[in-house]
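The structure presented is a predicted model; accordingly, all values stated were derived computationally and were not measured.
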Amino acid sequence: MPSRTPHRSSGTPDLASYDLLAPQLSGGKDRAVTMAVFMDAARAAGVEDRVLSYHSSLGVLEWPPVVFDGTRYPGVSELAALQSAAFGLPPERHIEVTHTLPGPDGTRMPHSLLTEIAAYGRFPRMGSPYCRKAAKESVVSSAWTPIVRRLGRELGRPVRILKVMGLRSDEGTDRKKRPAFRTVQANSARIVDEWLPVKDWPTDAVKEWHADAPVPYSWTYDSAPGAGDWSGTSRCSCSLCVFAARRDVLLAVARRPRLADLYAEVEQARGDSFRPDWRITDLIRHARTCDAPEPGVICPDDGPEFTALQQQVRAALNSTPRKQPDLARHTQHTPCDGCSPRRPPAIPRTAG
């Protein structure tokens, strides 16, 4: 029976007070460090058997695997599974979940975040980051429900869950303000606390840790797969994230031009812009003509999964949006003024 004290005065949760320990793995550099720190703490507390790791897959919108110079580099979902296994969890204790909706035949089918954006009619905004809830938080929370029901019957009390996240202060003002430990849900069925064990790790320390890590970091962090220079994207989230830095988006547009064009279809059909200050159509033009970072590699995005995404998104665009997409009409967009052609770049290789 877990103890009654969920939090120690040192700021570290009492892991023995929880019924389920649930690290959230995204495949990013910070989540690998988080898993290492967390699993050391779980073993020290003797509760390794209560750990289940979770990955909220974004499907085609994630950074995919690539083959570059004859070497295969794993995609985000595969990296999340590798992060779990590298620190001692067997495969059956790593759970990949995704947002689904009932399909035409009644069975559930994946529902892409981009499809949800097309159906909703607006892109996520800082004041309304519905993508995080719809595609990540709610999906994992639903995956806990069978466990909560079973343990709730056995224990006769709310099930205690510790959600372990890899968010760090260096990533932005909102994350710097976020407490390292807090209760995020409490009801008669479950009590969910959130812990950020590497919140105060600086970015340089994370990169240094990866020099000897037992798991690779995503290829998108480098200028080209395997370069080892950390000169690619600064984050490993959605390939085209509305909350990413401008350089990250420009690099993603260049690396995944077919996906960027699909985002542009949604933008043009709905009237809302990719961000309040940036239109994806302008960013595509900037990526091709201005002093944008070289992609290093281009993802073909020519498989059946991408085709299915296209069909799903276009079907959503044929329906009336749930919200009127009027945000773009009230914002000023950065014009593409002063763009001068850059020096002819070396032709990047297409990933296999």
Ignoring hydrogens and angles, state whether a donor on the side chain of [X] or [Y] is under 3.5 Å from an acceptor on the partner side chain.
X      : Y      : result
Thr281 : Glu267 : yes
Glu62  : Ser77  : yes
Thr233 : Arg255 : no

If the threshold is 4.0 Å, N to carboxylate O, is there a salt bridge linking [X] and [Y]?
X      : Y      : answer
Arg125 : Asp272 : yes
Arg150 : Asp19  : no
Arg132 : Glu137 : no
Glu78  : Arg72  : yes
Arg285 : Asp282 : yes

Sequence neighbours excluded and cut-off under 3.5 Å, please list the side-chain donor-acceptor pairs for residues 87-96, or say none.
unit_1, atom_1, unit_2, atom_2, d
Arg93, NE, Val51, O, 2.9
Arg93, NH2, Asp49, O, 2.5
Arg93, NH2, Val51, O, 2.7
His94, ND1, Ser53, OG, 2.7

Query raised in the report: side-chain contact (heavy atoms from CB on, under 4.5 Å) with Cys131: which residues, sequence neighbours excluded?
Result: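 Partners of Cys131 by the side-chain contact (heavy atoms from CB on, under 4.5 Å) criterion, ordered by chain and then number, come out as Leu113, Pro124, Phe243.
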Report task. Mind jotting down which residue pairs meet the side-chain hydrogen bond (donor to acceptor under 3.5 Å, both in side chains) criterion with at least one end in residues 236-252? Sequence neighbours excluded, please. Result ->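 Applying side-chain hydrogen bond (donor to acceptor under 3.5 Å, both in side chains) to every pair that reaches into residues 236-252, excluding sequence neighbours, yields Ser234-Asp248, Ser239-Arg256, Arg246-His286.
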Query raised in the report: Of the options Arg182, Arg160, Lys163, which is the one that meets Asp193 in a salt bridge (charged side-chain N to carboxylate O under 4.0 Å, His left out)?
Result: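 By the salt bridge (charged side-chain N to carboxylate O under 4.0 Å, His left out) criterion, Asp193 pairs with just one of Arg182, Arg160, Lys163: Arg160.
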Query raised in the report: So, the side chain of Arg50 versus the backbone of Ala42: is there a donor-acceptor pair under 3.5 Å, distance only?
Result: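 Checking the backbone N and O of Ala42 against the side chain of Arg50, no donor-acceptor pair under 3.5 Å is found.
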Report task. Give a yes or no on whether the ring-centroid distance for Tyr221 and Trp230 is below 6.0 angstrom. Result ->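 Yes.
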